[in-house]
Amino acid sequence: MDPADRHRRRQRTLAILGAALLLVGIGLGTYGLFRGPGTPPATDPQSAPPGPSATANPSTATGGGEPQPLPVTADPEAFARSVATALFTWSTTGGHGPSDYAQPLLDVADDDEANALAADIRSYLPTTEAWAQLTTYQTRQWLTVQTTVVPDAWATAVAQAAHGQLPPGAVAYTITGTRHRAGTWGTQPVETSRPAAFTVFLTCPPPAPEFTAGPCRLLRLSQLDHPLH
């Protein structure tokens, strides 16, 4: 890609995220799903492994497993759902670490946003220290997706964008669902769950006269529980 074209593309990508930021007043990127070692606040259910207050003997605990590549698709909604699933699905029991589960998401990153996206993804995954602690509880996690919608704020951003300001095929999907976490406390199997909401920013280039539609690429992630509406 010509350097000038690459620069213009990056400027358009930054404009799309900046427009959403100005419209809804949220920050994209980091959110501490895990706070690392130490004693988390008692009111923060995301920081702690399953404990005695969790539901005992879960019957639907699945989650975890091998990190899987995301399917190649030009369908933006299907791509957003696959991103959501990959982002929340991990297990401390299979010998993999946070970076292993992050890699499939980075493999579908837009080249210009890869570094920023890596920081976004890290905020959804345990730190290395927290992972070691969670391993002692054989913790697994997964997401049940409930809704996948293009938020009104995104439609407003598109309507107000100048011609050529947004990259071709750019779109945002706000996803709501339930994050499940299962493990063991002592010898007792337990499970916890909590609502989750976030926005996936992606681009699926439309077909050109000589080409088919390009595969979708991941741009950025909103803060967890601070999605576009």
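Side-chain atoms are counted along with the backbone in the values below, which use heavy atoms only and exclude waters and symmetry mates.
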- If you look at every heavy atom in Trp90 and Pro126, which pair is closest and at what distance? CZ2-CG, 3.9 Å
- Note on the structure: Nearest heavy-atom contact between Cys204 and Ala74 is CB-O, 4.0 Å
- Note on the structure: Closest heavy-atom pair, Leu228 versus Ala153, reported as atoms and distance to 0.1 Å, is CB-CB, 4.5 Å
- Item | Under 3.5 Å side-chain donor-acceptor pair for Thr147 and Thr176 | yes
- Check the pair Thr199, His226 against side chain to side chain contact (heavy atoms under 4.5 Å, CB included), reporting the backbone distance first and the verdict last. CA-CA 8 Å; Thr199 300; His226 290 277; over 6 Å; no
- Query: Is there side-chain contact between Leu218 and Asp110, with at least one heavy-atom pair below 4.5 Å?
  - Reply: no
- Item | Closest non-hydrogen atom pair, Ser193 against Thr178 | CB-CG2, 3.7 Å
- To the nearest 0.5 Å, atom OH of Tyr137 lies from atom OG1 of Thr92 at 11.5 Å
- Query: Does some side-chain heavy atom of Asp225 sit less than 4.5 Å from a side-chain heavy atom of Arg194?
  - Reply: yes
- Query: Got a sec, which residues hit side-chain hydrogen bond (donor to acceptor under 3.5 Å, both in side chains) with Thr148, two or more places apart in sequence or on another chain?
  - Reply: Arg81
- With side chain to side chain contact (heavy atoms under 4.5 Å, CB included) as the test, would you mind laying out the steps for Asp120 and Phe198 before giving the verdict? CA-CA 12 Å; Asp120 295 347; Phe198 54 99; over 6 Å; no
- Item | More than 12 heavy atoms of other groups within 6.0 Å of Asp107 CG | yes
- Message: As an exercise, state the distance from CD of Gln133 to OG1 of Thr128, rounded to the nearest 0.5 Å.
- Response: 13.0 Å
- Query: Considering all heavy atoms of both residues, which atom of Pro168 and which atom of Pro206 are nearest to each other, and what is their separation?
  - Reply: CB-CD, 3.7 Å
- Got a donor-acceptor contact below 3.5 angstrom from the Thr156 side chain to the Asp152 backbone? yes
- Rounded to the nearest 0.5 Å, the NE2 atom of His229 sits from the CH2 atom of Trp154 at a distance of 16.0 Å
- Message: If the test is side chain to side chain contact (heavy atoms under 4.5 Å, CB included), which one of Pro215, Ser82, Cys216 qualifies with Pro71?
- Response: Ser82
- Query: Are Tyr101 and Ile121 side-chain neighbours, meaning at least one heavy-atom pair lies under 4.5 Å?
  - Reply: no
- Here the pair of heavy atoms bringing Leu143 nearest to Gly177 is CD1-C, 4.3 Å
- Non-neighbouring partners of Thr187 that pass side-chain hydrogen bond (donor to acceptor under 3.5 Å, both in side chains), sequence neighbours left out: none
- Message: If I take atom CD from residue Gln141 and atom CG from residue Leu134, how far apart are they, to the nearest 0.5 angstrom?
- Response: 9.0 Å
- Item | N/O donor-acceptor pair under 3.5 Å between Thr174 side chain and Pro227 backbone | no
- Between CZ of Arg217 and OG1 of Thr203, what distance do you get to the nearest 0.5 Å? 10.0 Å
- Message: Is any side-chain heavy atom of Gln103 closer than 4.5 Å to one of Leu106?
- Response: yes
- Query: What is the distance from atom CZ of Phe79 to atom OH of Tyr173, rounded to the nearest 0.5 Å?
  - Reply: 11.5 Å
- Would you please name every residue forming a side-chain hydrogen bond (donor to acceptor under 3.5 Å, both in side chains) with Thr85, sequence neighbours left out? none
- Arg122 side chain near Thr127 side chain, heavy-atom distance below 4.5 Å: no
- When you look at Leu202 and Val83, which way does the side chain to side chain contact (heavy atoms under 4.5 Å, CB included) test go after all the steps? CA-CA 10 Å; Leu202 57 98; Val83 167; 5.9 Å; no
- Query: For Leu87 and Leu105, what are the C-alpha separation, side-chain angles and deciding distance, and is it a side chain to side chain contact (heavy atoms under 4.5 Å, CB included)?
  - Reply: CA-CA 7 Å; Leu87 187 62; Leu105 292 162; 3.7 Å; yes
- Message: For Trp142 and His180, take the angle between the two ring planes, folded into 0 to 90°, and tell me which bin it lands in: parallel under 30, tilted 30 to 60, perpendicular over 60.
- Response: parallel
- If two hydrophobic side chains count as joined below 4.5 Å and joins carry through other members, does Leu219 share a cluster with Val149? no
- Close side-chain approach of Phe88 to Leu224, heavy-atom, < 4.5 Å: yes
